[in-house]
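These values consider heavy atoms only, across backbone and side chains, with no hydrogens, waters or symmetry-generated copies.
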Amino acid sequence: MSTVQVESTLSDDERRAKLYQGDLFVYAPKPATREFVEFARALIREAFGDLDPETAQHHMPVEDYAALLAELKPRFIHHPTCKELLPAILAEHGADTTKTYFDVPRLRTSTSDDYLTSGIAYAFHPHRDTWYSAPFCQLNWWMPIFDIEADNGLAFHPRYFSQAVRNGSAEYDYYEWNAKNRASAAKHIRSDTRKQPKPEEEVEIFPQTRVVAPSGGMLIFSGAQLHSSVPNNTGRTRFSMDFRTVHLDDVLGHVGAPNVDSDCTGTTMRDYLRGTDLSRIDEDVCLTYDTAPPREDAVLVFSHTAQA
(Lines give C-alpha, C1' and ligand atoms only; values in the text may rest on other atoms or scores of the structure.)
Protein backbone atom coordinates (compact mmCIF):
# COMPACT_ATOMS: atom_id res chain seq x y z
CA MET A 1 0.00 0.00 0.00
CA SER A 2 1.22 3.52 -0.79
CA THR A 3 0.33 6.65 1.13
CA VAL A 4 -0.33 9.89 -0.76
CA GLN A 5 1.19 12.69 1.29
CA VAL A 6 -0.21 16.13 0.39
CA GLU A 7 1.72 19.30 1.28
CA SER A 8 3.97 17.30 3.61
CA THR A 9 6.22 19.19 6.01
CA LEU A 10 8.72 16.33 6.31
CA SER A 11 12.38 17.16 5.75
CA ASP A 12 14.01 16.07 2.51
CA ASP A 13 15.81 13.21 4.31
CA GLU A 14 12.53 12.01 5.83
CA ARG A 15 10.71 12.41 2.52
CA ARG A 16 13.26 10.36 0.62
CA ALA A 17 12.97 7.55 3.17
CA LYS A 18 9.19 7.51 2.69
CA LEU A 19 9.53 7.64 -1.10
CA TYR A 20 11.83 4.61 -1.00
CA GLN A 21 9.04 2.80 0.86
CA GLY A 22 6.49 3.61 -1.86
CA ASP A 23 4.78 6.79 -0.70
CA LEU A 24 3.68 9.49 -3.15
CA PHE A 25 4.13 13.20 -2.38
CA VAL A 26 1.97 15.97 -3.86
CA TYR A 27 2.52 19.72 -3.57
CA ALA A 28 0.44 22.72 -4.61
CA PRO A 29 1.81 25.19 -7.19
CA LYS A 30 4.61 27.40 -5.89
CA PRO A 31 6.35 30.47 -7.37
CA ALA A 32 9.13 28.54 -9.13
CA THR A 33 6.79 25.89 -10.55
CA ARG A 34 4.40 28.58 -11.78
CA GLU A 35 7.32 30.30 -13.50
CA PHE A 36 8.31 27.03 -15.12
CA VAL A 37 4.74 26.46 -16.33
CA GLU A 38 4.63 29.88 -17.97
CA PHE A 39 8.00 29.29 -19.63
CA ALA A 40 6.88 25.88 -20.95
CA ARG A 41 3.53 27.18 -22.15
CA ALA A 42 5.24 29.95 -24.09
CA LEU A 43 7.44 27.45 -25.94
CA ILE A 44 4.49 25.16 -26.64
CA ARG A 45 2.22 27.92 -27.89
CA GLU A 46 4.94 29.32 -30.10
CA ALA A 47 5.37 25.89 -31.70
CA PHE A 48 1.63 25.41 -32.36
CA GLY A 49 1.03 28.94 -33.64
CA ASP A 50 -2.67 29.75 -33.99
CA LEU A 51 -3.79 26.31 -32.81
CA ASP A 52 -4.74 25.51 -29.24
CA PRO A 53 -2.01 23.02 -28.19
CA GLU A 54 -4.49 20.89 -26.25
CA THR A 55 -6.79 20.40 -29.25
CA ALA A 56 -4.34 20.82 -32.15
CA GLN A 57 -4.35 17.06 -32.77
CA HIS A 58 -7.86 17.40 -34.22
CA HIS A 59 -6.62 19.81 -36.89
CA MET A 60 -3.30 18.31 -38.02
CA PRO A 61 -2.21 15.18 -39.90
CA VAL A 62 -0.50 12.91 -37.41
CA GLU A 63 2.76 13.02 -39.40
CA ASP A 64 2.86 16.82 -39.13
CA TYR A 65 2.09 16.62 -35.42
CA ALA A 66 4.95 14.18 -34.83
CA ALA A 67 7.32 16.41 -36.81
CA LEU A 68 6.31 19.42 -34.69
CA LEU A 69 7.01 17.51 -31.48
CA ALA A 70 10.33 16.31 -32.89
CA GLU A 71 11.42 19.94 -33.04
CA LEU A 72 9.70 21.19 -29.89
CA LYS A 73 10.79 18.54 -27.40
CA PRO A 74 14.58 18.75 -27.95
CA ARG A 75 14.30 22.55 -27.88
CA PHE A 76 12.61 22.31 -24.50
CA ILE A 77 15.03 19.73 -23.11
CA HIS A 78 18.15 21.70 -23.99
CA HIS A 79 16.85 25.20 -23.30
CA PRO A 80 19.19 26.96 -20.85
CA THR A 81 16.23 28.35 -18.91
CA CYS A 82 15.41 24.81 -17.72
CA LYS A 83 18.75 24.49 -15.95
CA GLU A 84 18.10 27.85 -14.27
CA LEU A 85 14.57 27.04 -13.08
CA LEU A 86 14.95 23.44 -11.90
CA PRO A 87 17.36 24.22 -9.01
CA ALA A 88 14.85 26.84 -7.82
CA ILE A 89 12.10 24.21 -7.88
CA LEU A 90 14.26 21.82 -5.87
CA ALA A 91 15.12 24.45 -3.26
CA GLU A 92 11.46 25.46 -3.08
CA HIS A 93 10.60 21.88 -2.12
CA GLY A 94 13.24 21.59 0.59
CA ALA A 95 15.99 19.79 -1.34
CA ASP A 96 19.64 20.57 -0.62
CA THR A 97 20.93 21.71 -4.03
CA THR A 98 24.55 21.13 -2.98
CA LYS A 99 23.80 17.40 -2.78
CA THR A 100 20.81 16.99 -5.12
CA TYR A 101 21.53 16.19 -8.77
CA PHE A 102 18.90 16.48 -11.52
CA ASP A 103 18.63 15.42 -15.13
CA VAL A 104 17.25 17.55 -17.96
CA PRO A 105 13.45 17.87 -17.94
CA ARG A 106 11.34 16.03 -20.50
CA LEU A 107 8.24 17.50 -22.10
CA ARG A 108 5.61 14.75 -22.33
CA THR A 109 2.51 14.65 -24.48
CA SER A 110 -0.37 12.22 -24.21
CA THR A 111 -2.74 12.66 -27.13
CA SER A 112 -6.38 11.65 -27.00
CA ASP A 113 -8.13 8.67 -28.60
CA ASP A 114 -4.97 6.89 -29.81
CA TYR A 115 -4.07 9.73 -32.20
CA LEU A 116 -0.33 9.36 -31.55
CA THR A 117 0.86 6.88 -28.93
CA SER A 118 4.28 5.76 -30.18
CA GLY A 119 7.71 7.25 -30.73
CA ILE A 120 7.88 10.93 -29.84
CA ALA A 121 4.57 10.67 -27.92
CA TYR A 122 5.00 7.20 -26.46
CA ALA A 123 2.13 6.00 -24.27
CA PHE A 124 3.85 4.08 -21.52
CA HIS A 125 2.74 0.61 -20.56
CA PRO A 126 3.08 -0.36 -16.87
CA HIS A 127 6.77 -0.03 -16.07
CA ARG A 128 9.32 0.98 -13.49
CA ASP A 129 12.06 3.45 -14.41
CA THR A 130 14.45 1.02 -12.77
CA TRP A 131 13.79 -1.36 -15.69
CA TYR A 132 15.42 1.34 -17.82
CA SER A 133 18.72 1.43 -15.90
CA ALA A 134 17.66 4.12 -13.41
CA PRO A 135 19.31 3.80 -9.98
CA PHE A 136 17.11 2.76 -7.09
CA CYS A 137 17.69 6.11 -5.38
CA GLN A 138 16.11 7.95 -8.33
CA LEU A 139 13.10 10.14 -7.59
CA ASN A 140 10.73 11.29 -10.32
CA TRP A 141 9.28 14.82 -10.25
CA TRP A 142 6.16 15.18 -12.44
CA MET A 143 4.14 18.34 -13.13
CA PRO A 144 1.21 19.18 -15.46
CA ILE A 145 1.79 22.12 -17.80
CA PHE A 146 -1.92 22.58 -18.47
CA ASP A 147 -4.59 21.36 -16.06
CA ILE A 148 -5.26 17.64 -16.27
CA GLU A 149 -8.03 15.31 -15.16
CA ALA A 150 -8.10 11.73 -13.95
CA ASP A 151 -8.52 10.37 -17.48
CA ASN A 152 -5.36 11.87 -18.99
CA GLY A 153 -2.78 11.64 -16.23
CA LEU A 154 -0.67 8.90 -14.66
CA ALA A 155 -1.75 5.70 -12.96
CA PHE A 156 0.21 4.03 -10.16
CA HIS A 157 -0.08 0.35 -9.35
CA PRO A 158 1.11 0.37 -5.71
CA ARG A 159 0.46 -3.30 -4.93
CA TYR A 160 3.46 -4.06 -7.15
CA PHE A 161 5.91 -1.81 -5.29
CA SER A 162 6.94 -4.82 -3.23
CA GLN A 163 5.78 -7.50 -5.69
CA ALA A 164 7.88 -8.65 -8.62
CA VAL A 165 6.58 -8.54 -12.19
CA ARG A 166 8.17 -10.78 -14.79
CA ASN A 167 9.62 -8.37 -17.36
CA GLY A 168 12.14 -7.87 -20.14
CA SER A 169 14.62 -5.66 -18.30
CA ALA A 170 17.38 -8.27 -18.55
CA GLU A 171 17.65 -7.45 -22.27
CA TYR A 172 17.89 -3.70 -21.73
CA ASP A 173 21.21 -1.86 -21.66
CA TYR A 174 21.13 1.92 -21.31
CA TYR A 175 24.25 2.51 -23.37
CA GLU A 176 22.93 0.40 -26.25
CA TRP A 177 19.57 2.21 -26.09
CA ASN A 178 21.26 5.61 -26.39
CA ALA A 179 23.43 4.45 -29.26
CA LYS A 180 20.71 2.77 -31.32
CA ASN A 181 17.21 3.88 -30.35
CA ARG A 182 16.85 7.25 -28.62
CA ALA A 183 17.41 9.42 -31.71
CA SER A 184 14.86 7.50 -33.82
CA ALA A 185 11.80 8.28 -31.68
CA ALA A 186 10.19 10.67 -34.17
CA LYS A 187 10.23 8.01 -36.91
CA HIS A 188 7.80 5.77 -34.98
CA ILE A 189 4.36 7.18 -35.80
CA ARG A 190 1.91 4.35 -36.42
CA SER A 191 3.71 1.86 -34.18
CA ASP A 192 6.85 1.67 -32.08
CA THR A 193 9.20 -1.19 -32.93
CA ARG A 194 11.92 -0.26 -30.46
CA LYS A 195 12.39 -3.04 -27.96
CA GLN A 196 11.70 -1.78 -24.45
CA PRO A 197 11.28 -3.52 -21.10
CA LYS A 198 7.66 -4.53 -20.67
CA PRO A 199 5.73 -6.83 -18.36
CA GLU A 200 5.89 -10.44 -19.52
CA GLU A 201 2.91 -11.47 -17.42
CA GLU A 202 -0.52 -9.99 -16.91
CA VAL A 203 -0.50 -6.94 -14.64
CA GLU A 204 -3.65 -6.13 -12.72
CA ILE A 205 -4.25 -2.50 -13.71
CA PHE A 206 -6.93 -2.03 -11.04
CA PRO A 207 -6.96 -1.06 -8.27
CA GLN A 208 -4.77 1.90 -9.13
CA THR A 209 -3.96 5.36 -7.79
CA ARG A 210 -4.34 8.49 -9.91
CA VAL A 211 -3.14 11.86 -8.65
CA VAL A 212 -4.76 14.95 -10.20
CA ALA A 213 -2.84 18.13 -9.43
CA PRO A 214 -3.33 21.56 -11.00
CA SER A 215 -0.81 22.91 -13.48
CA GLY A 216 2.30 23.77 -11.51
CA GLY A 217 1.46 21.22 -8.83
CA MET A 218 4.29 18.75 -8.21
CA LEU A 219 4.08 14.97 -7.82
CA ILE A 220 7.17 13.13 -6.52
CA PHE A 221 7.54 9.34 -6.58
CA SER A 222 10.20 6.66 -6.58
CA GLY A 223 11.61 5.42 -9.86
CA ALA A 224 10.78 1.93 -8.58
CA GLN A 225 7.03 2.64 -8.62
CA LEU A 226 5.12 0.66 -11.23
CA HIS A 227 3.20 3.28 -13.21
CA SER A 228 1.63 3.79 -16.61
CA SER A 229 -0.02 6.33 -18.89
CA VAL A 230 -3.78 6.51 -18.41
CA PRO A 231 -5.49 5.89 -21.79
CA ASN A 232 -6.51 9.41 -22.80
CA ASN A 233 -10.12 9.70 -23.98
CA THR A 234 -10.72 13.30 -22.89
CA GLY A 235 -10.45 14.89 -26.33
CA ARG A 236 -7.51 17.03 -25.12
CA THR A 237 -3.78 16.38 -25.28
CA ARG A 238 -2.05 16.23 -21.92
CA PHE A 239 1.18 18.24 -21.64
CA SER A 240 3.40 17.54 -18.66
CA MET A 241 6.99 17.95 -17.58
CA ASP A 242 9.11 15.55 -15.58
CA PHE A 243 12.67 15.34 -14.38
CA ARG A 244 14.57 13.04 -12.04
CA THR A 245 16.87 13.50 -9.08
CA VAL A 246 19.34 11.61 -6.94
CA HIS A 247 20.81 12.67 -3.60
CA LEU A 248 24.57 12.29 -3.29
CA ASP A 249 24.45 10.71 0.17
CA ASP A 250 22.12 8.00 -1.14
CA VAL A 251 24.22 7.52 -4.27
CA LEU A 252 27.41 7.00 -2.27
CA GLY A 253 25.66 4.74 0.23
CA HIS A 254 23.70 2.78 -2.40
CA VAL A 255 20.53 3.62 -0.49
CA GLY A 256 17.18 3.47 -2.26
CA ALA A 257 14.03 1.52 -2.97
CA PRO A 258 14.21 -2.29 -3.02
CA ASN A 259 14.97 -4.11 -6.26
CA VAL A 260 12.21 -6.67 -6.63
CA ASP A 261 12.48 -7.43 -10.37
CA SER A 262 15.02 -5.32 -12.33
CA ASP A 263 17.89 -6.96 -14.21
CA CYS A 264 19.03 -4.28 -16.69
CA THR A 265 22.60 -3.10 -17.28
CA GLY A 266 24.16 0.31 -17.79
CA THR A 267 23.21 3.32 -15.71
CA THR A 268 21.68 6.77 -16.09
CA MET A 269 23.89 8.06 -13.26
CA ARG A 270 26.04 10.17 -15.60
CA ASP A 271 22.98 12.17 -16.69
CA TYR A 272 22.54 14.04 -13.41
CA LEU A 273 23.76 17.60 -12.79
CA ARG A 274 24.36 19.12 -9.37
CA GLY A 275 21.87 21.81 -8.46
CA THR A 276 24.51 24.40 -7.60
CA ASP A 277 27.09 24.20 -10.39
CA LEU A 278 25.81 21.57 -12.90
CA SER A 279 28.80 19.32 -12.19
CA ARG A 280 28.40 15.57 -12.67
CA ILE A 281 28.84 12.63 -10.32
CA ASP A 282 32.35 11.19 -10.25
CA GLU A 283 32.99 8.51 -12.84
CA ASP A 284 34.28 5.96 -10.35
CA VAL A 285 30.96 6.23 -8.51
CA CYS A 286 28.96 5.85 -11.73
CA LEU A 287 30.82 2.66 -12.58
CA THR A 288 29.48 1.01 -9.43
CA TYR A 289 25.95 1.33 -10.87
CA ASP A 290 26.55 -0.47 -14.18
CA THR A 291 24.49 -3.46 -13.07
CA ALA A 292 21.25 -3.57 -11.09
CA PRO A 293 21.68 -4.44 -7.39
CA PRO A 294 20.73 -7.93 -6.27
CA ARG A 295 17.03 -8.50 -5.84
CA GLU A 296 15.87 -7.98 -2.28
CA ASP A 297 13.12 -9.19 -0.02
CA ALA A 298 11.02 -6.02 0.03
CA VAL A 299 9.40 -6.90 3.36
CA LEU A 300 12.80 -7.12 5.03
CA VAL A 301 13.89 -3.85 3.43
CA PHE A 302 10.81 -2.08 4.77
CA SER A 303 11.39 -3.53 8.25
CA HIS A 304 15.01 -2.39 8.22
CA THR A 305 14.04 1.10 7.07
CA ALA A 306 11.41 1.43 9.77
CA GLN A 307 13.99 0.60 12.45
CA ALA A 308 16.67 2.93 11.08
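- For the pair Ala164 and Glu201, the tightest heavy-atom approach, listed with the atom from each and the gap, is O-OE2, 4.4 Å.
- No donor-acceptor contact under 3.5 angstrom links the side chains of Thr237 and Glu54, judged on distance only.
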Arg45 vs Asp52, salt bridge (Lys or Arg N to Asp or Glu O under 4.0 Å): CA-CA, chis, key distance, verdict: CA-CA 7 Å; Arg45 286 170 173 154; Asp52 178 347; over 6 Å; no

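- Side-chain contact of Ser110 with Asn152: a donor-acceptor pair under 3.5 Å is absent, judged by distance alone.
- Contact check for Val165 versus Arg128: side-chain heavy atoms found under the 4.5 Å cut-off.
- Counting only distance, with no hydrogens or angles, the side chain of Ser262 and the backbone of Asn259 share no donor-acceptor pair below 3.5 Å.
- Between the side chains of Ser11 and Glu14, at least one donor-acceptor pair of N or O atoms lies under 3.5 Å.
- Side chain of Asp64 to main chain of Leu68: no donor-acceptor pair is present (N/O by atom type, distance under 3.5 Å, no hydrogens or angles).
- When atom types are taken as modelled, the side chain of His58 and the backbone of Ala56 share no donor-acceptor pair closer than 3.5 angstrom.
- With hydrogens and angles disregarded, a donor-acceptor distance shorter than 3.5 Å links the side chain of Asn167 to the backbone of Asp261.
- Under a 3.5 Å cut-off, the side chain of Ser8 and the backbone N or O of Leu10 do form a donor-acceptor pair.
- The two residues Tyr65 and Pro53 have their closest heavy-atom pair at OH-O, 4.3 Å.
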Check against salt bridge (Lys or Arg N to Asp or Glu O under 4.0 Å), Asp96 and Lys99: CA-CA 6 Å; Asp96 180 354; Lys99 291 187 174 183; 5.4 Å; no

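- With hydrogens and angles left out, the side-chain atoms of Thr109 and Lys73 include a donor and acceptor closer than 3.5 Å.
- Between atom NE2 of residue His227 and atom OG of residue Ser222 there is a gap of 10.0 Å, rounded to the nearest 0.5 Å.
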Full working for side-chain hydrogen bond (donor to acceptor under 3.5 Å, both in side chains) between Arg238 and Thr111: CA-CA 6 Å; Arg238 182 253 291 166; Thr111 60; over 6 Å; no

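- Distance alone, capped at 3.5 Å, is enough to place a donor-acceptor pair between the His125 side chain and the Pro197 backbone.
- Looking at residues two or more places apart in sequence or on another chain, you find a side chain to side chain contact (heavy atoms under 4.5 Å, CB included) between Asp284 and Asp282.
- Of all heavy-atom pairs spanning Ile145 and Arg41, the tightest one is O-NE, 2.9 Å.
- Inter-residue side-chain proximity for Val251 and Val285 is flagged as met; some heavy-atom pair is nearer than 4.5 Å.
- In the hydrophobic clustering, where aliphatic and aromatic side chains (Ile, Leu, Val, Met, Phe, Trp, Tyr) are joined below 4.5 Å either directly or transitively, Val4 groups with Val6, Leu24, Val26, Trp142, Ile148, Leu154, Phe156, Val211, Val212, Leu219, Phe221.
- No donor-acceptor pair under 3.5 Å is formed between the side chain of Asp103 and the backbone N or O of Phe243.
- Between Tyr172 and Trp177, the ring-plane angle classifies as tilted under the 30° and 60° cut-offs.
- Leu19 and Asp23 get closest at one heavy-atom pair: CD2-O, 3.3 Å.
- Within the 3.5 Å criterion, the main-chain N or O of Ser112 finds a donor-acceptor partner in the side chain of Gln57.
- The hydrophobic clustering, which links ILVMFWY residues whose side-chain heavy atoms are closer than 4.5 Å, places Met269 and Leu86 apart.
- With hydrogens and angles disregarded, no donor-acceptor distance shorter than 3.5 Å links the side chain of His79 to the backbone of Ile77.
- Within the model, atoms SG of Cys137 and CG of Asp249 stand 10.5 Å from one another, a figure rounded to the nearest 0.5 Å.
- Residues Glu204 and Tyr160 have side chains that never bring a donor and an acceptor to within less than 3.5 angstrom of each other.
- Ser2 contributes no side-chain N or O that, together with a main-chain N or O of Pro158, makes up a donor-acceptor pair within less than 3.5 Å.
- Checked by atom type, the side-chain pair Asp263/Trp131 shows no donor-acceptor distance below 3.5 Å.
- Side chains of Tyr115 and Met60 form a contact here, defined as non-hydrogen atoms less than 4.5 Å apart.
- Residues Gln5 and Lys18 form a side-chain contact, since some pair of their non-hydrogen atoms from C-beta on lies under 4.5 Å apart.
- In this structure, Phe39 is a member of the same hydrophobic cluster as Phe102, with clusters built from ILVMFWY side-chain heavy atoms closer than 4.5 Å.
- Here side chain to side chain donor-acceptor pair (under 3.5 Å) pairs that include residues 28-39, with residues two or more places apart or in two chains, number zero.
- Taking every heavy atom of both residues into account, Leu90 and Thr245 meet most closely at CD2-CG2, 3.7 Å.
- Side-chain polar atoms of Tyr174 and Asp271 form a donor-acceptor pair below 3.5 angstrom.
- In summary, the side chains of Gln138 and Asn140 do present a donor paired with an acceptor at a separation below 3.5 Å, with no hydrogens or angles considered.
- Side-chain polar atoms of Asp250 and Tyr20 form a donor-acceptor pair below 3.5 angstrom.
- Every residue meeting the side chain to side chain contact (heavy atoms under 4.5 Å, CB included) condition with Ile205, not counting sequence neighbours, appears here in chain and number order: Pro126, His157, Val203, Gln208.
- Aromatic pair His254/Tyr289: ring centres closer than 6.0 Å.
- The closest side-chain donor-acceptor pair between Asp290 and Thr267, if any, does not fall under 3.5 angstrom.
- Surrounding CD of Glu283 are more than 12 heavy atoms belonging to other residues, nucleotides or ligands, all under 6.0 Å away.
- Screening residues 130-140 for salt bridge (charged side-chain N to carboxylate O under 4.0 Å, His left out), with sequence neighbours left out, gives no hits.
- Taking both residues in full, the closest heavy atoms of Pro74 and Leu69 are given as CD-O, 3.9 Å, listed atom of the first, atom of the second, then distance.
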Worked verdict on Arg15 versus Asp13 for salt bridge (Lys or Arg N to Asp or Glu O under 4.0 Å): CA-CA 5 Å; Arg15 179 175 61 199; Asp13 288 346; over 6 Å; no

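- Side-chain contact, Thr268 with Arg270: no donor N or O sits under 3.5 Å from an acceptor N or O.
- Taking Ile, Leu, Val, Met, Phe, Trp and Tyr as members and joining any whose side-chain heavy atoms lie under 4.5 Å apart, directly or through other members, Phe136 forms no hydrophobic cluster with any other residue.
- Follow the hydrophobic side-chain contacts under 4.5 Å out from Leu248 and you never reach Leu273; the two are in separate clusters.
- Note that the NE2 atom of His127 and the NZ atom of Lys198 stand 12.0 Å from one another [nearest 0.5 Å].
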